[in-house]
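Following: one structure in structure tokens, then a few remarks.
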Amino acid sequence: MSPSPLTNRVGQVFVPVRDMPAAVAWYSALLGLPPGTATHEDRIYDLPAQGEVGIALDAHQPTFTADGPPRFFWWVEDLDAVRAHLVALGVELVLDVTDIGSVVMLQFRDPDGNLLMACERRT
């Protein structure tokens, strides 16, 4: 096998949204962040991130469909606290807390129907 010029290192995840101001407000409340301002003619919003991989809300394709598996997941320390936070925000839970062995997960939808997930490692 020949070497690849690509490294297995993700830089940014794009989440399609239809209504940028509503999406910025929702994700900011979800993550406990102050809402900011979109760029690129109000079509891109980079969520402040911890770590190397960024999350960008992207309103370039407002006719997208939200079918399919989760867009990505967040590692969390306390999934029960995350569940309570989601319920308090009125977020639609799709798959309640589920233990699949070394990971416990929870799936939910954003206002655009994107499936998202939170996972807690269990040892």
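Computed from a prediction, not measured in an experiment: that's the story for all the values here.
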From CA spacing to verdict: side chain to side chain contact (heavy atoms under 4.5 Å, CB included), W75, V103: CA-CA 10 Å; W75 283 120; V103 173; 4.3 Å; yes

Minimum side-chain heavy-atom gap [X]-[Y] below 4.5 Å:
X	Y	result
D110	L116	yes
P16	Q61	no
I44	L57	no
R71	M117	no
T98	V104	no
R18	F64	yes
L30	L86	yes

Between atom [atom1] of [X] and atom [atom2] of [Y], what is the distance when rounded to the nearest 0.5 Å?
X	Y	atom1	atom2	result
H85	L79	NE2	CG	12.5 Å
R122	D99	CZ	CG	6.5 Å
N114	D67	CG	CG	10.5 Å
Q107	F73	CD	CZ	11.5 Å
M20	R43	CE	CZ	9.5 Å

Under 4.5 Å between side-chain heavy atoms, hopping through other hydrophobics if needed: is there a path connecting L115 to F72? no

Answer with yes or no whether the hydrophobic clustering places M105 together with V94; edges join I, L, V, M, F, W, Y residues whose side-chain heavy atoms lie under 4.5 Å apart. no

Between W26 and R109, which heavy-atom pair has the shortest distance, and what is it? CZ2-O, 3.8 Å

Heavy-atom closest contact (P35 atom, S28 atom, distance): CA-OG, 3.4 Å

Are any of the side-chain nitrogens in R83 or D96 under 4.0 Å away from the carboxylate oxygens of its partner? yes

Would you confirm whether Y45, through its side chain, and G36, through its main-chain N or O, come within 3.5 Å as a donor-acceptor pair? yes

Determine the interplanar angle of the W74 and Y27 rings, folded into 0 to 90°, and report it as parallel if under 30°, tilted if 30 to 60°, perpendicular if over 60°. tilted

For H40, does the NE2 atom sit with more than 12 other heavy atoms under 6.0 Å from it, leaving out its own atoms? no

